[in-house]
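Heads up, the thing below is written out as C-alpha cells.
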Protein chains: 2
Amino acid sequence: MDDGHIPSSSQSPWLPFESRRRARDEKREAVLRTAVALFLEQGYHGATLNEVARQLNITKPALYNYFRGKDEILYECWSIGNELVDDCIAETSASTGSGLSKLRKLIVRYAELMTEDYGKSLVRFDLRDLSEDNRKIVQTAKRHIDRAFRDYIAQGVEDGSVKPCDAKLAAFAIAGSLNWIGHWFQPGGEMTGRAVAEEFAIRLTEGIATTATRKTAQKAAVPAAEKADKPPRNGNAPREDESEHHTRTAARAAGQSKRARGRLR
Amino acid sequence: MDDGHIPSSSQSPWLPFESRRRARDEKREAVLRTAVALFLEQGYHGATLNEVARQLNITKPALYNYFRGKDEILYECWSIGNELVDDCIAETSASTGSGLSKLRKLIVRYAELMTEDYGKSLVRFDLRDLSEDNRKIVQTAKRHIDRAFRDYIAQGVEDGSVKPCDAKLAAFAIAGSLNWIGHWFQPGGEMTGRAVAEEFAIRLTEGIATTATRKTAQKAAVPAAEKADKPPRNGNAPREDESEHHTRTAARAAGQSKRARGRLR
DNA sequence: CCCGTATATTACCCATGGGTAACAAATAGT
DNA sequence: ACTATTTGTTACCCATGGGTAATATACGGG
C-alpha cells in the first residue's frame with residue numbers, strides 16, 4: 001500500500017526540500033497534469049485529492065490555493081483538452097483543400113489527441129461531475145466539435161470529394177471511432193499515437209470518399225479536388241517531441257485563456 | 001426536490017398497497033431495470049440506492065434481499081447486456097454467408113443493442129466500480145466481443161468479401177462507432193434504434209467491402225459470396241415490440257444464468 | 001530588521017450514502 | 001391456527017473524502 005511511487009523528480013516542482021519557488025502557473029499546470037493522469041487511471045470518483053497532493057509532495061489544502069474544488073480541477077483538465085481541439089479545428093479550417101482533405105486533416109489531429117491525457121479527458125470524463133455552469137460550457141463546446149466534422153463532410157459532398165451521405169450520421173460514426181481511441185489506446189503498445197491517427201484517417205474516410213485511397217488494388221487517379229491534399233508536410237519528422245509538445249501547449253493554455261484563476265479571495 | 005416522479009404503475013411490482021406477491025425474479029429484474037436506467041441517467045456515483053428503492057416503492061435495505069451491494073447491481077446490469085451481446089454473436093456465428101455478411105449482421109444487432117439501456121450499460125459503466133472478480137469477468141467478455149468482430153473481418157478478407165486490412169484496427173474503428181451510439185442515442189429522436197443500426201451497418205462496412213453497397217451511383221453487381229446476405233428478414237415488421245422484447249429477454253436472463261442469487265445467508 | 005503577502009501545514013468539520021442490526025408483517029406449509 | 005421463512009421496515013453505524021479554519025513558514029520590499 002505504501003509503495004510510495006515518488007514522482008520522478010523532473011515531474012513535481014515541489015521537491016521535498018529544495019528551492020520550491022516556481023511560478024504559480026507552473027504549479028497550477030503540475031496539479032492538472034497529475035490530476036488528469038490520476039483521474040484517467042482511477043476514475044474521477046476513485047481518485048482523491050489527497051492522492052493528487054501526495055504525488056506532488058504537498059497536502060490537500062494546498063490545492064485550494066489554485067482551485068476552488070475538485071470539480072473545478074476536472075473542468076480545467078477538460079478545458080485544456082478542449083483548447084487543443086479548438087486549435088486543431090482552427091488550423092484545419094484555415095487550410096485550403098477539398099472537404100475530404102480537411103476532414104482527413106482533422107481526423108489525424110483529433111485522433112492523435114485522443115492518445116494523450118488531455119485529449120482523453122474530453123471523452124472519458126462525465127459531464128455530470130461538473131458544476132451547472134461548466135457543464136453548459138462543455139456541452140456547447142461539444143456541439144462545436146461536432147459541427148466541424150459535419151461541416152467538412154457537407155463541404156466535401158458539395159465539392160464532390162465526398163459521396164452524398166447523411167452528414168450527421170457520418171459525423172457520429174467518425175467521431176465515435178475517434179473518441180473510442182481515448183478508451184483503448186495505451187502508450188507503449190504496438191503502434192504510436194500518430195500511426196493510429198494516420199491509419200484511422202484513411203480507414204474512416206474510405207467509405208465516403210469518392211476516390212480510392214489505398215495502395216491496394218486500384219491505383220486511384222487523383223481527382224481535381226484532391227490536388228491540395230498533402231503538401232510534403234514535415235515528411236518523417238524527428239518524431240516524439242511529445243514531452244515538449246505537452247509543456248508548450250500547457251504553458252500557452254495557462255498563460256492566456258479565460259479560465260478561472262483560483263483563490264480570488 | 002420532492003417532485004415525486006412515481007413510476008408509472010405498470011413498472012413496479014411493489015404497488016403501494018396492493019397484492020405485492022410477485023415472483024422473486026420479477027422483483028430482481030424490476031430492481032435492475034430501475035437501476036440501469038438511473039445509473040445511465042445520473043451516473044453510477046450520482047445515483048443512490050435510496051433513489052433506486054424509492055422509485056420502486058420500497059426502502060433501501062429491501063434491495064439487500066436481492067443483491068449483496070451496489071456494485072453487484074452494477075455488475076448484474078452489465079451482465080444482462082452481455083448476455084444479449086452473446087446472443088447476437090451466437091446467432092451471427094451460426095448463420096451462413098460471407099465474412100462481410102456476418103460482420104454486417106453483427107453490426108446491425110449490436111448497434112440496436114446500443115440504443116437500449118442494457119446495451120448502453122456495456123459501454124457507459126466504469127470497470128473500476130466493479131469488484132476485482134467481476135472486473136476480470138467483464139474484461140474477458142470484452143475480449144470475446146472484440147474477437148468476434150476481428151474474426152468476421154479476417155474471415156471476410158479470406159473469402160474475398162472484405163478488402164485486405166488490419167483486422168485489429170478495423171475492428172476497433174467499427175466497434176468504436178458502435179459503442180459511441182450508446183453515448184449519444186436518445187430514444188425519441190429523429191431516428192429509431194433500428195434505423196440507426198441499419199444505416200451504420202452500411203456506413204461502417206462501406207470502406208472495407210470489396211463491393212459497393214449503396215443505391216447511389218454504381219449498381220453493385222452482387223457477388224457470389226453475398227447471395228445469402230439478406231433473406232427477406234421480417235420486411236417491415238410491426239415495429240416497436242420493444243417493451244415485450246425487454247421483458248422477454250430479461251426474463252430469460254434471470255431464469256438461467258449463473259449470476260449470484262443474492263442473500264445466500 | 002520588520003511586515004505584508006503568498007503558500008503550505010496541521011487539525012478539524014461534516015454531509016453523504018453504502019451497509020447492517022433488530023424487528024415487523026406478510027406468506028406458505030402442515 | 002401455529003410456525004418457519006421470506007421480505008419488508010425503522011433506526012442506526014461509520015468510513016470516506018471534500019472542504020475549511022487557524023496557524024506556521026518562506027520571501028520580497030522598504
Side-chain angles (χ1 to χ4, degrees), chain A residues 1 12-31 34-35 38-39 42-76 128-131 260-265, chain B residues 1 12-31 34-35 38-39 42-76 128-131 260-265:
Chain A
M1 185 182 278
S12 168
W14 288 273
L15 301 174
F17 242 65
E18 207 166 329
S19 76
R20 54 171 60 172
R21 51 210 126 130
R22 284 301 204 194
R24 180 184 175 79
D25 283 342
E26 263 184 69
K27 293 182 184 170
R28 248 184 93 92
E29 291 165 36
V31 172
T34 303
L38 205 65
F39 289 169
Q42 318 212 334
Y44 177 68
H45 293 279
T48 70
L49 291 186
N50 273 322
E51 178 62 16
V52 172
R54 198 188 64 77
Q55 289 194 9
L56 291 163
N57 297 320
I58 55 176
T59 56
K60 177 177 61 173
L63 296 174
Y64 285 80
N65 282 322
Y66 306 98
F67 304 94
R68 296 166 103 86
K70 196 186 187 188
D71 67 319
E72 187 178 284
I73 296 180
L74 184 71
Y75 172 73
E76 299 284 348
R128 289 166 295 214
D129 293 324
L130 297 171
S131 71
R261 286 286 83 182
R263 171 173 273 185
L264 30 151
R265 51 158 99 138
Chain B
M1 184 180 278
S12 167
W14 289 274
L15 301 175
F17 242 65
E18 208 168 326
S19 75
R20 54 170 61 176
R21 52 214 125 128
R22 285 300 204 196
R24 179 184 179 81
D25 283 342
E26 263 183 68
K27 294 182 185 172
R28 248 184 93 95
E29 291 165 37
V31 172
T34 302
L38 206 64
F39 289 169
Q42 318 212 335
Y44 177 68
H45 292 280
T48 70
L49 292 186
N50 273 322
E51 178 62 16
V52 172
R54 197 189 64 78
Q55 288 194 11
L56 291 164
N57 296 322
I58 56 175
T59 56
K60 178 177 63 176
L63 296 174
Y64 285 81
N65 282 323
Y66 305 98
F67 303 95
R68 296 163 101 84
K70 196 186 186 187
D71 67 318
E72 187 178 285
I73 295 181
L74 184 71
Y75 172 74
E76 299 284 348
R128 289 167 295 215
D129 293 323
L130 297 171
S131 71
R261 285 288 85 183
R263 172 172 271 185
L264 30 152
R265 49 158 102 140

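Convention: sequence-line order gives letters A, B, ...; per-chain numbering from 1.
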Is there any protein nitrogen or oxygen under 3.5 Å from a nitrogen or oxygen in nucleotides 16-20 of chain D, and what are the pairs?
residue, atom, partner, partner atom, Å
D:dG18, OP1, A:Lys70, NZ, 2.9
D:dG18, OP2, A:Leu49, N, 3.0
D:dG18, N7, A:Lys60, NZ, 2.8
D:dG19, OP2, A:Tyr64, OH, 2.9
D:dG19, OP2, A:Lys70, N, 2.8
D:dG19, O5', A:Tyr64, OH, 3.2
D:dG19, N7, A:Lys60, NZ, 3.0
D:dG19, O6, A:Lys60, NZ, 2.8

Check: A:Gly46 main-chain N/O paired with B:Arg128 side-chain donor or acceptor under 3.5 Å:
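No.
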Does the A:Tyr44 side chain pair with the main chain of A:Asp71, one donor and one acceptor, at a distance under 3.5 Å?
yes
B:Phe39 and B:Ala47 have their tightest heavy-atom pair at CD2-CB, 3.7 Å
Nearest heavy-atom pair of A:Thr48 and A:Leu38: which atoms, and what distance?
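What the structure gives for the nearest pair is O-CD2, 4.2 Å.
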Rounded distance in Å - CD1 (B:Ile58) to C1' (D:dT6)
14 Å
A:Leu56 CG - C:dA8 C1' separation (whole Å):
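Distance, rounded to whole Å: 13 Å.
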Compare side-chain N and O positions of [X] against OP1 and OP2 of [N] and report whether any pair is under 4.0 Å apart.
X       : N     : result
B:Asn65 : D:dG8 : yes
A:Lys27 : C:dA6 : no
B:Arg24 : D:dT6 : no
A:Thr59 : C:dA8 : no

Are any non-hydrogen side-chain atoms of B:Val52 and B:Leu56 less than 4.5 angstrom apart?
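The answer is yes; the side chains approach within 4.5 Å.
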Determine the sole option in A:Arg28, A:Arg68, A:Lys70 for which the salt bridge (charged side-chain N to carboxylate O under 4.0 Å, His left out) test with A:Glu76 is passed.
A:Arg28
